[in-house]
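A short write-up of the structure that comes next.
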Amino acid sequence: MYSEKLELLIDGTWTAGSAGDSLPLINPATEEQIGTVPCASVQDLDRALDAAGRAFRSWKKTTAAFRWEVLSRAAGLIEARKPEIARTLTLENGKSLREAEGELQFCADATRWYAEEGKRAYGRVIPARSPDIRQMALKEPVGPALGFAAWNFPAGNVTLKIAAALAAGCTIIVKPSDETPGTAVAIGRCFQDAGVPAGALAIVFGPPAPISEHLIASKIPKKVSLTGSTPVGKLLQRLASETLKRCTMELGGHAPAIVFEDADLDRTMDMLAAAKYRNAGQVCTSPTRFYVHETVYEAFIAGFVERSRKVVVGNGLDEGVQMGPLITEWRLGIMDGFVQDAVAKGASVVLGRERLDRKGYFYAPTVLRDVPDDARAMNEEPFGPITQITPFRSFDEVIERANSLPYGLASYIFTRSGSVTAAASDAIESGVVGINHTAVHEAETPFGGVNESGYGAESGIEGLDAYLRTKMVTDKRI
Ligand code: NAD
């Protein structure tokens with residue numbers, strides 16, 4: 001059933017690794033072991049580092065047009081292999097096949113987009129103070145890069161790093177999550193088969209802390225890109241500071257969804273329910289704090305509960321399933337803890353609140369109302385299918401509450417008023433803002449957080465720029 005061969009990619013060769021250590025791979029929908037993840041040894045990591053340094057010296061000299069060819073082929077392979085990779089993704093991560101296929105299409109689109117954008121790594125000519133001087137600000141690849149990626153978008157998180165780095169002329173070592181290795185391997189095979197040279201792309205697995213410490217301590221990589229939680233972001237930034245590596249930090253979020261009294265309520269509820277239960281709420285941009293104007297509060301709760309009740313929960317491979325399991329068993333306990341704490345502080349459970357009575361790490365779509373601002377789940381990233389609803393009265397009050405957390409990744413505003421839209425999108429503290437919809441990340445749009453949700457962006461021209469540095473050349477005619 002699970003067909004991906006789990007290997008490390010080092011210096012252009014797929015290998016089982018030299019240490020012989022491994023981790024079990026579990027299908028979260030069945031709790032069965034479906035594979036064995038090879039762990040990289042220190043020697044494997046050193047080989048990957050040396051190869052990344054070596055390959056960089058030639059890859060950076062290739063033309064953007066050549067890299068476009070390679071990346072376009074990779075995008076084509078991702079698209080052609082979509083059905084098999086989607087199956088692997090669903091078996092490891094639990095999300096529905098439909099969601100997995102959508103994610104892979106995003107990967108193909110993003111790879112193509114970066115391939116194109118690599119041709120536009122423009123510098124500029126700066127008028128000089130003397131007629132015999134020409135001043136040029138040139139863009140060049142920053143160097144070998146390191147990418148650490150979360151399991152919640154096992155294909156997307158990995159592809160955005162690989163495609164951006166390679167398009168810019170960098171090489172990259174990726175450490176995907178050990179929960180979703182096969183998807184990363186399958187994506188890596190698309191790039192290898194498309195003609196990425198030996199060493200330009202490496203994929204390693206194993207215990208995250210020692211691997212990240214070893215890789216980041218090396219002087220060879222010049223850049224760290226993490227998609228992961230805020231605590232791990234702080235840790236990796238500290239490690240990167242020793243060698244002053246540049247970082248891109250795509251970290252956790254706790255997105256407010258503000259529903260004003262004039263919102264189109266039915267459409268708002270449809271969109272928010274779809275966004276909330278996508279990937280069982282395990283999405284960094286998932287709407288997590290629902291602030292609903294008091295005049296439409298009861299209507300919103302009734303409509304949202306009705307939609308939540310209809311969500312089809314099950315094995316993502318099964319036809320019609322909309323929501324799969326959580327990634328690991330211990331996350332079920334986290335959900336319970338959030339609900340108990342919220343109830344103890346005055347919230348009421350309107351729907352759900354329990355693990356489903358079946359194999360797999362399934363948690364019921366859960367709706368809590370009147371959740372106080374000091375409930376833990378209103379402050380810590382829930383990362384699960386829990387909807388927390390609370391009423392608000394005025395614009396200033398809701399903006400202040402929405403901005404009260406250290407996070408600042410996504411936020412959503414629902415209103416028909418142009419002036420409320422403008423005022424709210426100006427006042428809200430987040431890297432991306434969705435007005436009357438929730439699709440806040442496309443291949444061509446910059447995506448990233450502010451404050452403790454991180455800094456820097458993936459996608460958009462900013463995503464390519466993250467792998468470029470500026471060199472100023474001043475040239476005097478003699
Ligand atoms: P995580 O922080 O535990 O792990 C992320 C990656 O970091 C993994 O590849 C892991 O192996 C690696 N890592 C390196 N050193 C580590 C260390 N010392 N300890 C732990 N991991 C280390 O995050 P996760 O649980 O895999 O993913 C969920 C988090 O990712 C959530 O907070 C979510 O919001 C965030 N996320 C953010 C974005 C974004 O674009 N902002 C996108 C997806 C997920």
Side-chain angles (χ1 to χ4, degrees), residues 23 28 37 39-40 45 92-93 95 103 106 110 146-162 164 172-181 183-184 203-217 221 224-240 247-255 278-288 326-328 330-331 334 379-384 405-411 430-432 440-443 445-460 462-463 466:
L23 296 164
V37 192
C39 298
L45 299 179
E92 298 176 335
N93 166 284
K95 68 177 68 171
E103 182 177 339
F106 172 82
L146 300 172
F148 300 90
W151 46 264
N152 65 335
F153 288 95
N157 292 342
V158 163
T159 305
L160 285 176
K161 298 186 194 314
I162 299 174
I172 184 162
I173 301 174
V174 183
K175 158 72 179 80
S177 286
D178 303 309
E179 287 87 352
T180 52
T183 307
I203 298 180
V204 296
F205 301 108
I211 289 188
S212 53
E213 274 164 35
H214 190 79
L215 290 176
I216 296 175
V224 172
S225 175
L226 166 71
T227 300
S229 59
T230 296
V232 170
K234 291 179 181 176
L235 181 71
L236 296 199
Q237 174 157 330
R238 273 200 296 276
L239 294 174
C247 298
T248 296
M249 291 288 172
E250 297 280 0
L251 309 179
H254 206 322
R278 177 180 176 217
N279 199 13
Q282 304 168 116
V283 178
C284 53
T285 55
S286 180
T288 39
L326 300 186
I327 190 77
T328 48
W330 63 268
R331 301 260 347 136
I334 304 255
N379 295 276
E380 298 167 32
E381 187 181 22
F383 232 54
L405 300 192
Y407 290 112
L409 185 55
S411 55
S430 67
V432 292
V440 287
H441 186 187
E442 306 290 354
T445 60
F447 178 80
V450 298
N451 303 334
E452 293 199 15
S453 289
Y455 57 86
E458 287 191 313
S459 312
E462 290 83 353

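No hydrogens, no waters, no symmetry mates; every other heavy atom, side chains included, goes into these values. Indexing begins at 1, ligand by ligand and atom by atom, following the structure's order.
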What protein heavy atom is closest to [atom], reported as residue, atom name and distance in Å?
{"atom": "atom 8 (C) of ligand 1", "value": "A149 O, 3.4 Å"}
{"atom": "atom 32 (O) of ligand 1", "value": "E381 OE1, 2.7 Å"}
{"atom": "atom 11 (O) of ligand 1", "value": "K175 NZ, 3.1 Å"}
{"atom": "atom 28 (C) of ligand 1", "value": "F383 CE2, 3.6 Å"}
{"atom": "atom 22 (C) of ligand 1", "value": "P208 CB, 3.3 Å"}

Once you round to the nearest 0.5 Å, how far does CG of L409 lie from CG of N451? 11.0 Å
Among [options], which residue places a heavy atom closest to [atom]?
{"atom": "atom 6 (C) of ligand 1", "options": "L239, L251, T328, L226", "value": "L226"}
{"atom": "atom 38 (C) of ligand 1", "options": "A410, C284, P176, G233", "value": "C284"}
{"atom": "atom 29 (C) of ligand 1", "options": "S229, G147, A209", "value": "S229"}

State which residues pass side-chain hydrogen bond (donor to acceptor under 3.5 Å, both in side chains) with T227; sequence neighbours excluded, sorted by chain then number. K161
Looking at ligand 1, does S177 have a heavy atom less than 4.0 Å from it? yes
Non-hydrogen atom of W151 closer than 4.0 Å to ligand 1: yes
Test item: side-chain donor near acceptor, T328 and E179, under 3.5 Å: no
Give me the ring orientation class for H441 and F447: parallel if the planes are under 30° apart, tilted from 30 to 60°, perpendicular past 60°. parallel
Specify side chain, backbone, both or neither for [X], according to which of its non-hydrogen atoms lie closer than 4.0 Å to ligand 1.
{"X": "L409", "result": "side chain"}
{"X": "S212", "result": "side chain"}
{"X": "L235", "result": "side chain"}
{"X": "F153", "result": "neither"}

In ligand 1, which numbered atoms sit nearer than 4.0 Å to a non-hydrogen atom of N152? 43 (C), 44 (C)
Using a strict 4.0 Å cut-off to heavy atoms of L236, name the atoms of ligand 1 that fall inside it. 15 (N)
Residue among L236, T248, L146, L235 satisfying side chain to side chain contact (heavy atoms under 4.5 Å, CB included) with L226: L236
